[in-house]
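Report on the structure given below.
All of these numbers come straight from a predicted model, not from anything done at the bench.
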Amino acid sequence: MQLLRIADTGGPGRRRGGHALLREYEFLGESGVLTLRSDTRDVPPHGLDGGEPGCGPTNLVLSGGTTRTLPVLVTQPVRLRRGDLFRHVTPSGGGWGDPLTLDPADVLRGVEENVTPAMAWERHGVVIAEEPRRRVDASATAALRRGRLAIGAGSAPRGS
């Protein structure tokens, strides 16, 4: 079994939503069945008060060199064989508040934990400098945030 946090999955906000987790199970029996219900995939966890949504769940079965995405509601049991893997990605949490109002120092702490510099720039308007050491580029961050606020981009949804 494997359990990992997945980077950039928590909904951006003044308070980020919790990250999704990857759980992976190897089937050790000769044969068996899997049933599950995972119906929040199409309606991800909501963000609140300007926060952005989190990510919905994903369920995969890896068997004999192929990967199959399971439907949201499995109505027929999924047959498993020895060595098959069931990979479940949990939903993440939605964010709370406008992502551009998260303190840049908190964004940097997130980058140190499980947020990529690209997400810091894209969703939080924070520029992370890598040289000579990882830090917030305060002047570039201020200019980026001013520009985004001037065009009303403070609470734009992901992918826009």
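- The CG atom of Leu28 sits 7.5 Å away from the CZ atom of Arg82 when rounded to the nearest 0.5 Å.
- Between Leu62 and Arg68, the closest side-chain pair of non-hydrogen atoms is not below 4.5 Å.
- Distance check: Asp137 CG to Glu130 CD gives 11.5 Å after rounding to the nearest 0.5 Å.
- Side chains of Pro99 and Glu52 form a contact here, defined as non-hydrogen atoms less than 4.5 Å apart.
- Atom-to-atom distance recorded for Phe86:CZ and Arg23:CZ is 9.5 Å, nearest 0.5 angstrom.
- Side-chain contact between Leu70 and Leu60: absent, with no pair of heavy atoms (C-beta onward) separated by less than 4.5 Å.
- With values rounded to the nearest 0.5 angstrom, Trp96 atom CH2 is found 5.5 Å from Asp49 atom CG.
- Grouping the Ile, Leu, Val, Met, Phe, Trp and Tyr side chains by contacts below 4.5 angstrom, directly or via other members, places Leu36 with Val78.
- Panel note: side chain His88, backbone Asn59; no donor-acceptor pair is recorded below 3.5 Å.
- Residues Leu100 and Arg148 are in side-chain contact: their nearest non-hydrogen atoms beyond the backbone lie under 4.5 Å apart.
- Thr9 places no side-chain N or O within 3.5 Å of a backbone atom of Ser92 that could act as its donor or acceptor partner.
- Among residue pairs with one or both ends in residues 83-92, those qualifying as salt bridge (Lys or Arg N to Asp or Glu O under 4.0 Å) are Glu24-Arg87; sequence neighbours excluded.
- To the nearest 0.5 Å, the span separating CZ on Arg16 from CG on Asn114 amounts to 9.5 Å.
- Between Arg15 and Asp106, the closest side-chain pair of non-hydrogen atoms falls below 4.5 Å.
- Phe27 and Tyr25 fall within the same hydrophobic cluster, where Ile, Leu, Val, Met, Phe, Trp and Tyr residues are linked whenever their side-chain heavy atoms come under 4.5 Å apart, directly or through other members.
- Side chains of Arg79 and Ser31 form no contact here, defined as non-hydrogen atoms less than 4.5 Å apart.
- Of all heavy-atom pairs between Cys55 and Pro44, the closest is C-CB, 4.2 Å.
- Annotation for Asp8 and Val115: closest pair OD1-CA, 3.4 Å, computed over non-hydrogen atoms.
- The shortest side-chain heavy-atom distance between Arg5 and Glu113 falls under the 4.5 Å cut-off.
- Inter-residue side-chain proximity for Pro77 and Thr35 is flagged as met; some heavy-atom pair is nearer than 4.5 Å.
- The heavy-atom pair separating Val111 from Ala120 by the smallest distance is CG2-CB, 4.0 Å.
- Put simply, Val126 and Leu108 are part of the same group of oily side chains (I, L, V, M, F, W, Y) that touch within less than 4.5 Å, one to the next.
- Residues Leu4, Ile6, Leu22 make up the rest of the hydrophobic cluster containing Val89, defined by ILVMFWY side-chain heavy atoms closer than 4.5 Å, directly or through other members.
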